[in-house]
Every structure is written in structure tokens, then in C-alpha cells.
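Just below is one structure, and these are the notes that go with it.
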Amino acid sequence: MKPTRLGQNFLVDKSVAENIVCSAELSCEDTVIEIGPGKGILTGLIAPLVKKLICVEIDPGLAFQLKEKFGNCKNVEIVTRDFLRWPIPTASQTGSAVKFISNLPYYITSPILNLALSYDNWQTAVFMVQKEVGERILAAPGCREYGVLTLMVLFHAQPGKLFDVSRASFSPVPEVDSTVIKFTRKTPRERCYPVTEKLFHRVIKSAFSQRRKTVLNSMSAGLILPKNQITELLVKNGVDPGIRPEHIPFDKFISLAIDLKTVI
Ligand code: SAM
């Protein structure tokens, strides 16, 4: 089966939808942002539980149908926009930090995930992603799947696997199975790193730029810095320059980024 336009594989299994919404632990005080509501299977379950539900749907045809369907629900707002270009509401607009819920469109999972998690007005997110992407998000150091996506998620949040979903739960049926993950935003104390997200991203991108090479070679080539300087930096931080990047835990990458702050 060919990939669908705009990642439009709609969830048709009501019990999966109920499990997703239940996992978000919603209350009548919550503001929820649903990304890509589609035909509204999650929307209909979320709306009665929360103070406000903002649904951001890129497809004008689907957004029109949702406006018809939920026109009588005063707490539901349908926004016809590309989530990646939508100015996410601030804390002063929403009152409390928002909760995200989405069966994410697979073709732009990483950009949406990075944008949503780097936003500063959220508390939890329940996202369904392609199973292979879920494995990359949840990977432990030393695993083949551990890499830039794992570390960028950890910069902002603690992810936890909820459950897998069979491809048979969607229409049209996609080529892959899915996984539902709950992300909990790190506390202000946990995420008060003395480095910016941009610098951290640059450092990990350099380390994973040539996965099969040693971290010394990758970082030296990626950051255009001499090998002796990178060796000194790695040794100072207790990292063997001869290992591959997937063996370096998150906290070590933060320390490396701190030391590189004045150099790159
Ligand atoms: N939530 C519905 C469900 O579970 O059946 C639909 C999920 S479907 C996998 C992804 C939805 O995201 C589609 O409705 C698609 O039109 C929408 N979408 C795709 N790209 C988008 C974007 N950049 N911004 C907002 N919505 C998007």
C-alpha cells in the first residue's frame, strides 16, 4: 500500500482510542491540544472531559467536517492550520500548561515532536508514533536505535511506553505497526542545563554524523576541530575516544556540550 497523503491513516478501533485518551489522565481543568484530529475519533472522547480542546488540522476538508460535527461543543476549537506553522498559545492564554494528544502523521513525526516538546507551555503528551520511531525514542544507551531523536526527546522530557497498536486498527491499513508513548515534561530543575538546545543538538549531531566511526572521528569531523582537542575533551569527561557514540549516555553529552560552549 502506498503512503497516504498527509499521513491520513485513521484510527478505527474505538478501544484503542479509549485507551489513548484514558492514558492522558485528563481533568475538567485541562486545556488539550490535539494535533491532526482527522475524522475526530479522539476528539469526541476528549471533548467531554476537559475545559478546552484545541484541534489543529491541516486538511481544510476534514476541518470543515469537524466544525460541523463539533459545532455545538462550546469548548472545542477547530484550527485549520499546519501545526508546524501555528503559533502555539502561551501560558497566559491557556491558564495552565497544556496536554498534547495525537495520533501523529507519520511523514512529519520528528519535526512535530521536536516542536511540541520544545514549547514551554506543556505538561504531558500522549503520542502514537510508528513502532520503529517509538523504538528510537525509547532506546537505551548501547542500542542500535539510540541516537539523535532519543537524546533530543530526553533534553525536554521523560518518555514511557504505554502500548503497541496493530496496523489493523487503522483505515487505510498502513505498512507499519504503532506504539503509544507518554511524554512527561522534565521539571524546571531537571531541565536547567547550562547549554541551549541548539548547541546540544549540534554536539549530538556531530557525534552521530558517522555512526560506524569512533566518537573521536565523528566529532572531530562534524565540529571541524582537531583530534587532539576532541580527545582531551572526551578524556576529561570520562569518555573513551575509541567508543561509538551510541554508548554515551545523555548526561555525558550535556557535559561535553558545556565544555564545547566556548569553543564552537
Ligand atoms: N487523529 C485521527 C485519528 O486518530 O484517526 C487522524 C490521525 S492521522 C494519522 C494524522 C492527521 O494529521 C490527519 O488528519 C492529517 O490530515 C493531519 N495532519 C497531517 N499533517 C499535519 C500538519 N502538519 N498539521 C496538522 N495536521 C496534520
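Since we're looking at a predicted model, the values are computed, not measured. In what follows, every heavy atom counts, from backbone to side chain, and hydrogens, waters and symmetry copies are set aside. Both counts, for ligands and for their atoms, begin at 1 and track the order of listing.
The distance from ligand 1 to the heavy atoms of Glu34 drops below 4.0 Å at these ligand atoms: 1 (N). Of all atoms in ligand 1, listed by their number and element, those nearer than 4.0 Å to a heavy atom of Phe83 are 22 (C), 23 (N), 24 (N), 25 (C). Atoms of ligand 1 lying under 4.0 Å from any heavy atom of Asp82, numbered from 1 in the order shown and given with element: 22 (C), 23 (N), 24 (N). Each of the following atoms of ligand 1 lies closer than 4.0 Å to a heavy atom of Gly7: 8 (S), 9 (C), 10 (C). Under a 4.0 Å criterion applied to the non-hydrogen atoms of Val56, ligand 1 contributes the atoms 25 (C), 26 (N). Ligand 1 places these atoms under 4.0 Å from at least one heavy atom of Glu57: 13 (C), 14 (O), 15 (C), 16 (O), 17 (C), 26 (N). Less than 4.0 angstrom separates some heavy atom of Ile41 from each of these atoms of ligand 1: 3 (C), 4 (O), 5 (O). Every atom of ligand 1 with a heavy atom of Gly38 under 4.0 Å away is listed here by number and element: 6 (C), 14 (O).
Criterion: ILVMFWY side-chain heavy atoms under 4.5 Å apart, direct or through other members. Under it, Val32 and Ile35 are not part of a common hydrophobic cluster.
Using a 4.5 Å heavy-atom threshold, the side chains of Ile137 and Ile181 count as touching.
By the 30° and 60° cut-offs, the orientation of the rings of Phe250 relative to Phe155 is perpendicular. The aromatic rings of Phe100 and Trp122 are tilted relative to each other, their planes meeting at an angle between 30° and 60°.
For the residue pair Gln93/Thr90, the side-chain donor-acceptor check at 3.5 Å is satisfied.
Ligand 1 lies within reach of Gln8, whose nearest heavy atom is under 4.0 Å from it. Proximity of Leu62 to ligand 1 is established by a heavy-atom distance of less than 4.0 Å. The closest approach between any non-hydrogen atom of Arg81 and ligand 1 is below 4.0 Å. Heavy-atom separations between Tyr107 and ligand 1 include at least one value shorter than 4.0 Å.
Heavy-atom contacts from other residues, nucleotides or ligands closer than 6.0 Å to CZ of Phe64 number 12 or fewer. For NZ of Lys186, the number of neighbouring non-hydrogen atoms (other residues, nucleotides, ligands) closer than 6.0 Å is greater than 12. Within a 6.0 Å sphere centred on NZ of Lys213, heavy atoms belonging to other residues, nucleotides or ligands number 12 at most.
Arg191 and Glu197 are not joined by a salt bridge, as no carboxylate oxygen comes within less than 4.0 angstrom of a charged side-chain nitrogen. One finds a salt bridge joining Asp259 and Lys236 here, because a Lys/Arg side-chain nitrogen approaches an Asp/Glu carboxylate oxygen to under 4.0 Å. Electrostatic pairing of Glu77 and Lys52 counts as a salt bridge here, judged by a charged N lying under 4.0 Å from a carboxylate O.
With hydrogens and angles ignored, the 3.5 Å screen pairs a side-chain donor or acceptor of Thr150 with a backbone N or O of Arg136. Lys227 contributes no side-chain N or O that, together with a main-chain N or O of Ser220, makes up a donor-acceptor pair within less than 3.5 Å. Between the side chain of Lys39 and the backbone N or O of Leu11, no donor-acceptor pair lies under 3.5 Å.
For ligand 1, none of its N or O atoms has an N or O atom of Leu42 under 3.5 Å away. Taking distance alone, with nitrogen or oxygen atoms compared against 3.5 Å, Phe10 stays at or beyond that limit from ligand 1. In terms of polar-atom proximity, defined here as any N/O pair under 3.5 Å, Gly36 does make such a contact with ligand 1.
Scanning the protein heavy atoms around atom 2 (C) of ligand 1, the nearest turns out to be Pro37 O, 3.2 Å. Among all protein heavy atoms, the one lying closest to atom 5 (O) of ligand 1 is Leu11 N, 2.8 Å. Among protein heavy atoms, atom 3 (C) of ligand 1 sits closest to Asn103 ND2, 3.5 Å.
Of all the heavy atoms of Asn9, the ones lying under 4.0 Å from any atom of ligand 1 belong exclusively to the backbone. Counting heavy atoms closer than 4.0 Å to ligand 1, residue Ala17 contributes nothing at all. Contact annotation: for Phe170 versus ligand 1, there are no heavy atoms closer than 4.0 Å. Here Ile112 has no heavy atoms under 4.0 Å from ligand 1, in either its backbone or its side chain.
Residue nearest to atom 27 (C) of ligand 1, selected from Asp13, Thr43, Ile58, Leu6: Ile58 (by heavy-atom distance).
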